[in-house]
Amino acid sequence: MTLTLRGFDDIRLPGADGVELAASVGGSGTPVVLMHGFPQTRLMWRHVAERLAEEHTVICPDLRGYGASDKPEATGPDVYAKRTMAADVVALAAALGHERFALVGHDRGALVAFRAGLDHPETVTHLGILDVVPTPDMWNVLHGVPAAVGYHLFLMAQPPGLPETMIANSADAFFGSFLDAWAADPVAMPEEVRAEYLRASGAAVTSIVADYRASAGIDVAHDQADLDAGSQLAMPVTVIQQDWGAQLGFDAAGVWKAWAPDLEHRLTRAGHFMAEEAPDEIAAAIRDLLAR
């Protein structure tokens, strides 16, 4: 049985182009949308969402292609473009009556949030980014031996066929390797939650690969066009990361400052799955963001 967020209502609503998104909604007050990362579902927000719901309406969708949301065939590069996925979130929030909302994303969801902030500045009031850098910057900093940590990015960037076959033939081992390697505190991810992530990811190999493939193609083009045009994020932005700069030899805060003039950049001792490992820290950071 699929696990859900305690005390939240589970719904399905249309995204930007008829794709239906599954989401959990709870609390009351000004709206905050929380978007999950890889290889996870909206379940990753279970602790943070419960804390924020004391003061806010909290909306936790599964991204298109993930979890219980629809998984359309990638008939073109735009189907899993972050621009399309950002439009999904705007449509979902509008269907719930929210024309403006704060947006926080982790990992893949953070890339969607970043694109939403650029494409919909009149809609996104505050932007929280957990443990990524923008797509063009990511490809620029991944080089040499340290780039081995991102081998999956290169694998899933390949043309359709081989990546899907390789991953589908060893889905639990593939997705499980990231859950194990990226967790600083394995206890924060109970076995039943880990099993749910593996189940959901194993059922979504084709769409997950399509999402990553977009980040080696159309997403780079969209982000680079904004970079060339001097576009920036107009809203208050908080970025929370592990110390990527020290690990990969670049100035992570400087990279984000170029995109976000109103930036607060924080480092955490938690692992990649920080919303599950350090929910009090992450919820407090989001509250601080919303107060700006």
Side-chain angles (χ1 to χ4, degrees), residues 15-17 33 35 37-38 63-65 74-91 100 102-144 146-147 149-150 152-159 209-241 244-245 247-265 289 292:
D17 52 6
V33 179
M35 295 192 296
F38 163 91
L63 301 174
R64 69 162 59 198
T75 52
D78 59 318
V79 175
Y80 285 95
K82 303 308 158 292
R83 172 160 286 161
T84 304
M85 297 168 84
D88 278 342
V89 175
V90 172
R100 286 169 57 79
L103 186 56
V104 180
H106 172 255
D107 189 84
R108 307 305 293 172
L111 298 178
V112 177
F114 171 71
R115 175 45 53 192
L118 290 170
D119 285 357
H120 305 278
E122 73 289 348
T123 300
V124 179
T125 63
H126 300 77
L127 186 63
I129 300 289
L130 273 58
D131 222 30
V132 296
V133 292
T135 299
D137 302 292
M138 175 192 72
W139 290 114
N140 287 338
V141 302
L142 285 178
H143 54 80
V149 71
H152 60 300
L153 301 170
F154 297 92
L155 171 62
M156 290 191 275
Q158 303 309 308
V209 173
D211 167 37
Y212 272 84
R213 187 175 288 121
S215 285
I218 193 169
D219 293 342
V220 177
H222 289 159
D223 289 0
Q224 191 63 48
D226 277 310
L227 191 62
D228 293 343
S231 301
Q232 293 183 310
L233 296 163
M235 66 290 299
V237 177
T238 292
V239 174
I240 310 172
Q241 293 180 286
W244 281 34
Q247 297 175 40
L248 295 175
F250 73 101
D251 178 9
V255 164
W256 274 110
K257 190 66 176 178
W259 288 98
D262 187 356
L263 173 72
E264 180 175 0
H265 188 272
L289 166 66
R292 284 160 56 198

Next on the checklist: Tell me whether Lys82 contacts the main-chain N or O of Ala113 through its side chain, where contact means a donor paired with an acceptor under 3.5 Å.
Outcome noted: no
Checklist entry - Shortest non-hydrogen contact from Ala87 to Ala16? => result CB-CB, 3.5 Å
Item to check | Short side-chain to backbone donor-acceptor contact, Arg100 and Val124, under 3.5 Å | outcome: no
Checklist entry - Who passes side chain to side chain donor-acceptor pair (under 3.5 Å) against His265, sequence neighbours left out? => result Gln241
Checklist entry - How about Val133 and Met138: do any of their side-chain heavy atoms sit closer than 4.5 Å? => result yes
Item to check | Within-4.5 Å side-chain heavy-atom neighbours: Trp259 and Leu118 | outcome: yes
Item to check | Minimum heavy-atom distance between Val132 and Leu111, given as atom pair plus value | outcome: CG2-CD2, 4.0 Å
Next on the checklist: Using a strict threshold of under 4.0 Å (side-chain N to carboxylate O), is an ion pair present between Asp226 and Arg115?
Outcome noted: yes
Checklist entry - Do the side chain of Arg292 and the main chain of Val237 share a donor and acceptor less than 3.5 angstrom apart? => result yes
Checklist entry - Taking C-beta and beyond as the side chain, do Val89 and His120 meet within less than 4.5 Å on heavy atoms? => result no
Checklist entry - Does some side-chain heavy atom of Met156 sit less than 4.5 Å from a side-chain heavy atom of Ser215? => result no
Next on the checklist: Using side-chain heavy atoms (C-beta onward) and a distance below 4.5 Å, is Asp223 in contact with Leu227?
Outcome noted: no
Checklist entry - So, Thr84 versus Arg64: side-chain donor-acceptor pair below 3.5 Å or not? => result no
Next on the checklist: Please enumerate all residues that pass side chain to side chain donor-acceptor pair (under 3.5 Å) together with Trp139, with sequence neighbours excluded.
Outcome noted: none
Checklist entry - Does Asp219 pair with Arg83 as a salt bridge, N-O distance under 4.0 Å? => result no
Item to check | Parallel, tilted or perpendicular: ring planes of Phe114 versus Trp256, cut at 30 and 60 degrees | outcome: perpendicular
